[in-house]
Amino acid sequence: MLCDKCHKNKATVHFTKIINGKKIEMHLCKDCARDNAEINAEFSMENFLSDMFGEFSLKEPDVEYKCPNCGMTYEQFKRYGKFGCSECIIAFKDEIEPLIQNIHGHRRHKGKYPRQHTDDESTELNEIETLKKELQAAVEVENYEKAAQLRDMIKSLEKKEG
Amino acid sequence: MIKWMDDSGTEKDIVVSSRIRYARNLKKHKFPIILDKKESDEIFRKISEIIESKDIYSKKFFHFKTSNIPNLEKKMLIERHIISPALIKNQGISGFIMSNDEKISIMINEEDHLRLQVLSSGLNLKECLKKADELDSILDEKLEYAYHKQFGYITACPTNLGTGIRASSMIHLPGLVMTGRLERLLNTISKFGISVRGVYGEGSKSLGNLFQISNQTTLGNDEKTIVEKVEKIAMQIVNKEKEARQYLLDENKIEIEDRVYRSYGVLTNAKIISTDEAVKLLSLVKLGVDLDLIENYNKINFNKLFIEIQSMNIQYEAREELNERERDIKRAEIIKRTFSKESE
């Protein structure tokens, strides 16, 4: 196959672009590919992410909604795959939580926290962890009544934390 | 000279280097993607002042704005794994602080406000973690980090949320590559949330049999657990590599010797040599030295040499810009000099 652009050299770089469900294919030689900005836009986790947002966001908002702190819109965030400030994550929480679960396999941080962060929140975390362990144990001995109670307790604690 | 690559760490025959990186952001500032010059200067100043005011392992620190550094030097620092290409992309707003031994560096306004990095030769992740953690705590005393009780440290990209930690090791695996065992091993490893990529060369191909392994996820496990997992898997890979090398010695000694000596022959006689070829051949000669197939070269720090023969480092040491041909000639000279010096 010859290069789509120069029609001289053999095409060795095959590039597929999907925009709004429409597939566009490009076959280029090494030299033309080097000059093509789209291909050179490094394949990065961020690009990959911005493609994934479509799949995981629960709702496509009609009104453009944005981070009240820095003004970054959700659309912009999807495009860059990066937050504009420390509050974007709160503004877009509902949309990105499933994504975070998908990336990390977890929804909740464990580990170091900053000096200014108070300890009681981490105690609360530990409480949930303990309850979860108890829940697992209850399920294992088939004590479903206790398990249901524990499940509700965990739920209400998690809700409280938001 | 590449200073950070000294004698610390274990398993230096196989593990080239270890690195811990923390991603951190400041609560009250816009993140680098929408940051303006004025605010970026303020962040740089804040961080600089803290580093200046503290005694950190009695090290001396140098502070740089990326845009003030000559191009050649920037790229040389990338080849030495001290700064990243993304820092240069952001050079209007970015900067970095580096210890005089190059082991500790802080990239400022790269993808995040701060990227703390601790480097070591060999397998040394736990020690790197300890240092990174201490440096992070020192900065935490004076800065207000962006943090969310559920999502942990808030990073610019969701892939770094939680601990913001990346633990990585660079490993030299000629035995696994030659015995064809690497692929299967990598498949198993990826199931443990560890990613592997080739260090030199493009895509999944690796020149010089050098691979970097690192944790894939940052949220849900604490720092110690993550680092221990990477180190444990690195150790398992090291053991598999040792087995593969033994297998090669037992079953294909002549063939291995042949490849090692041919590589040695070319490297020590070449007048002009590309980076790709040099990296490939150095990997084999290093294997030969590690397996005692070649004597007299035990003192050569091959891990360092891999970096010294990269294009920007050659030009940096030569103190001038060189074209490709001139670099290839210089490269052959450096290699020859290194070998003749060490055999004396």
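Convention: sequence-line order gives letters A, B, ...; per-chain numbering from 1.
- For T218(B), the parts lying near chain A are the backbone and the side chain together; criterion is any non-hydrogen pair under 4.5 Å.
- Highest contact tally toward chain A, considering only G164(B), G193(B), A156(B), is held by A156(B) [criterion: heavy-atom pairs under 4.5 Å].
- We find the CG-CG distance between L161(B) and L99(A) to be 9.5 Å, quoted to the nearest 0.5 Å.
- Of the atoms belonging to L35(B), not a single heavy atom falls under 4.5 Å from chain A.
- Between K82(A) atom NZ and T155(B) atom OG1 the span is 11.0 Å, to the nearest 0.5 Å.
- Here the closest heavy-atom approach between residue K27(B) and residue S86(A) is recorded as O-OG, 2.9 Å.
- When all heavy atoms of P114(A) and Y153(B) are compared, the pair lying nearest together is N-OH, 3.2 Å.
- The neighbour count for E42(B) CD, taken as heavy atoms of other residues, nucleotides or ligands under 6.0 Å away, is above 12.
- Using a 4.5 Å heavy-atom threshold, the side chains of S137(B) and K112(A) count as touching.
- For chain B, the option among G111(A), G71(A), C85(A) with the highest count of heavy-atom pairs below 4.5 Å is C85(A).
- With chain A as the partner, the residue from L26(B), T225(B), D133(B), D140(B) showing the most heavy-atom pairs under 4.5 Å is D140(B).
- Heavy-atom contacts from other residues, nucleotides or ligands closer than 6.0 Å to CZ of F192(B) number 12 or fewer.
- Going from atom NE2 of H148(B) over to atom CD of E87(A) covers 10.0 Å, rounded to the nearest 0.5 Å.
- Between F77(A) and P158(B), the closest heavy-atom pair is CZ-CG, 4.0 Å.
- For the side-chain contact (heavy atoms from CB on, under 4.5 Å) with F151(B), the qualifying choice from E97(A), R107(A), H104(A) is E97(A), the only one to do so.
- When the candidates K30(B), H29(B), E144(B), K28(B) are compared by the number of heavy-atom contacts under 4.5 Å with chain A, E144(B) comes out ahead.
- Other residues, nucleotides and ligands place no more than 12 heavy atoms under 6.0 Å from the CD atom of Q136(A).
- Heavy atoms of other residues, nucleotides or ligands lying less than 6.0 angstrom from NZ of K74(B) number more than 12.
- Using the six-membered ring where Trp is involved, Y147(B) and H109(A) have ring planes that are perpendicular, over 60° apart on the 30 and 60° scheme.
- Using a 4.5 Å cut-off between heavy atoms, I33(B) touches chain A through its side chain atoms alone.
- Of the two parts of N25(B), neither the backbone nor the side chain holds a non-hydrogen atom closer than 4.5 Å to a non-hydrogen atom of chain A.
- Note that CD of Q216(B) and CD1 of I103(A) are 11.0 Å apart. Values are rounded to the nearest 0.5 Å.
- Proximity to chain A (any heavy atom under 4.5 Å) is restricted, for I34(B), to the side chain, taken from C-beta onward.
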